[in-house]
Amino acid sequence: MSQPSPTRRTVLTGTAALAAAGYVASPALADTSNTEAALARGKKRVRLTVLGTTDLHGNVFNWDYYKNAAFSNKAGDEIGVAKVATLIKGVRKDRKGEPILTLDAGDTIQGTPLAYYYAKVEPITGGTTHPMANAMNLVGYDAAALGNHEFNYGIDTLRAFESQLNFPLLGANAVDPATKRPVFPPYIIRKFSVGDGRTLKVGVLGLTNPGIAIWDKANVEGKMEFPGLVEQAKKYVPILKEKGCDLVVVSAHSGADTSSSYGDALPYPENAASLVAAQVPHVDAILVGHAHKEIDQRFVRNEKTGQQVLICEPYYWGMRLAVMDFVVQEVYGKYGKQKWVLVASGSQLLNSNTAAEDPKVAAAVRDQHDKVVDYVNSVIGTSTTAMSAARAVVEDVPIIDFVNYVQADAVKKDLTGADAALPVLSIAAPFNRQASFPQGDVTLRDVAGLYIYDNTLLGVKVTGKDVKDYLEYSARYFKACTKTTATMDELTNAVTPTAPNGTPDYNYDAVAGLDAPLTYDIDLAQPVGSRIVNLAYDGVPVTDAQEFAMAVNNYRQSGGGGFPAVSTAPVVYNRQNEIRQLLIDWVRTKPDHTIDPTQFASVDWRLVSNGQPITVS
């Protein structure tokens, strides 16, 4: 039975683990005071520490279930809440007696086969405790913001997870459609005794992502609404101040750099943490999530008060721990009323790759982990040839054709009436370039590694013009190229107004036909919007009025990525079948359990420059 085991560098605990992780016990802090009196010498000062994680995505151990091996990447990062727990304990010990809060910024119960298993195979709605609940309760979190992926398995699963936690899930902008009141606690207030009868009162406001309304429309429509982060923060930060909070910290599942993958489909931006800092007075700091970025320390000036608001994002999957420091100083008002004023703040990120797993956290989840390792390593079929997704972003490869074939086949079998005569297309994106099928035995984890998201399948009716527009939008993924030779990096992940850090692989869709090929060239010498040429179905040019059924995932159909047409097109298939499971079941239920690319693979699209094929190295 495979189990994660630490490497030589991952055996440190306590002070040694903190030192190796880069911990600075008394960091230099930025002066954030706007009050001269607050800097007077001789006044009592107190330091609050906020420890933060985000985007854990079901990772307890430093383990890659898709590779059946310890997680590794080129940067030497390691993952899992079990390792972060060691750093958290170390900081708590180093700052014993000082006020400390431990927070998470969301996306907890989706992202690994471990999380999937206890949502779908042995669901926690049946009484099993979620492994992330087992782990996070032992860590001792004070609160966590809701992430958008918390909603992937439906509200019943989310509520079951919530009931298993020893701390609240916060969501000030997850509201009831009728009353507009939050359906989760919007905030918590913690009081700390800091000596001499004094207390420090800290408010923690939780905000989640408005994109949930699009990405999980099937699960939340009519049940919850998700207004903007700025709008809800403007409502609740004054409440926290009225309740006497000396400091207000926001845990936000929303990136720092303002942008939206869904364009203008919603009136609220997806990534809005910096906007909250700039536009909402009296926020002292924001623990940022969602963007999977590493922000050790950033300050954003509030437009009204001039305060420098601290922002910190601790990467993802437990690779980092945020340590945010706030120094407050005692001051007295005109009538002798005591209060605390923030005079300095700062943050640092600790790297978990040198920390040992916390033994209690590891022990609490070990049996669940072992069960899932056995599950994902079960053989479900064989492949006649090796297939890889490594070049799926620059050429039509059989392993993506497999996804499109299974999706289109499922939609076609369920079409009725006049729709049954429609030619069927399918869209698929290269979610994981590392995915591959070996020649020979194929395991469940091989298939799960190809389709790493918990999307469900829909079919929509589209026109030829819709297909052309869809492909033009998808082709924004590529950078311009007037050469006929280029490297993969020279062509992919183009920066766009909605993707300032580069278009992610999951927003590049290839489209394929089922019973006949849909063929097209992507001419990278042409401007965006005019790149799709020679678009044909079964060798005949596609006309604007031609009709198709197109298999899409719920993320796309709900508006995810901002792709045109599919979110408003008539739905002709929607059985809520999870695509990953469809792929697994297709292999399992075939009489010979064989994946043979000659059944579904063809070269349907290619990259060209001024009509000449591009050779990509």
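For the single chain, residues carry numbers from 1 onward in sequence order.
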Practice task
Please find out if less than 6.0 Å separates the ring center of Phe548 from that of Tyr537.
Solution key: yes

Handout entry: Aromatic ring proximity Phe431/Tyr451, centre distance under 6.0 Å
Key = yes

Handout entry: Thr53 side chain to Asp104 side chain, donor-acceptor N/O pair below 3.5 angstrom
Key = yes

Practice task
For the pair Tyr316 and His292, name the ring-plane relationship: parallel under 30°, tilted 30 to 60°, perpendicular over 60°.
Solution key: parallel

Practice task
List the atom of Asp401, the atom of Ala601, and the distance in Å for their closest heavy-atom pair.
Solution key: OD2-CA, 3.5 Å

Practice task
Examine Arg476 relative to Tyr473 and say whether NZ or CZ is less than 6.0 Å from the centre of the six-membered ring and inside a 45° cone about the ring axis.
Solution key: yes

Practice task
Kindly state whether the ring of Tyr153 and the ring of Phe161 have centres lying under 6.0 angstrom apart.
Solution key: no

Problem - Aromatic centroids of Phe402 and Trp586 separated by under 6.0 Å - result: yes

Practice task
May I have all residue pairs that pass salt bridge (charged side-chain N to carboxylate O under 4.0 Å, His left out) and include part of residues 550-560, sequence neighbours excluded?
Solution key: Asp509-Arg556

Handout entry: Tyr118 and Val372: CA distance, side-chain angles, deciding distance, side chain to side chain contact (heavy atoms under 4.5 Å, CB included) verdict
Key = CA-CA 9 Å; Tyr118 289 99; Val372 173; 3.9 Å; yes

Fill in the blank from the handout: Of all heavy-atom pairs linking Asn134 and Gln368, the shortest is ND2-OE1, 3.1 Å

Practice task
Could you tell me whether Lys412 and Asp515 make a salt bridge, using a distance below 4.0 angstrom between a side-chain N and a carboxylate O?
Solution key: yes

Problem - Side-chain donor-acceptor contact under 3.5 Å, His290 with Asp55 - result: no

Handout entry: Salt bridge present between Asp409 and Lys413 (N-O < 4.0 angstrom)
Key = yes

Handout entry: Charged N-O contact under 4.0 Å between Asp419 and Lys461
Key = yes

Exercise for the section: Measure across Ser254 and Glu270 and return the closest heavy-atom pair with its distance rounded to 0.1 Å. Expected result: OG-O, 2.7 Å

Exercise for the section: Assess whether ring pair (Phe, Tyr, Trp, His ring centres under 6.0 Å) is satisfied between Tyr470 and Phe563, documenting all intermediate values. Expected result: CA-CA 6 Å; Tyr470 192 98; Phe563 280 67; 4.8 Å; yes

Exercise for the section: Test Met224 against Asp176 for side chain to side chain contact (heavy atoms under 4.5 Å, CB included), laying out the working first. Expected result: CA-CA 5 Å; Met224 296 182 191; Asp176 181 89; over 6 Å; no

Handout entry: His130/Leu165 under side chain to side chain contact (heavy atoms under 4.5 Å, CB included): CA gap, chis, key distance, verdict
Key = CA-CA 9 Å; His130 199 286; Leu165 299 174; over 6 Å; no

Exercise for the section: Using a strict 4.0 Å threshold on nitrogen-to-oxygen distance, state whether Glu472 and Arg531 make a salt bridge. Expected result: no

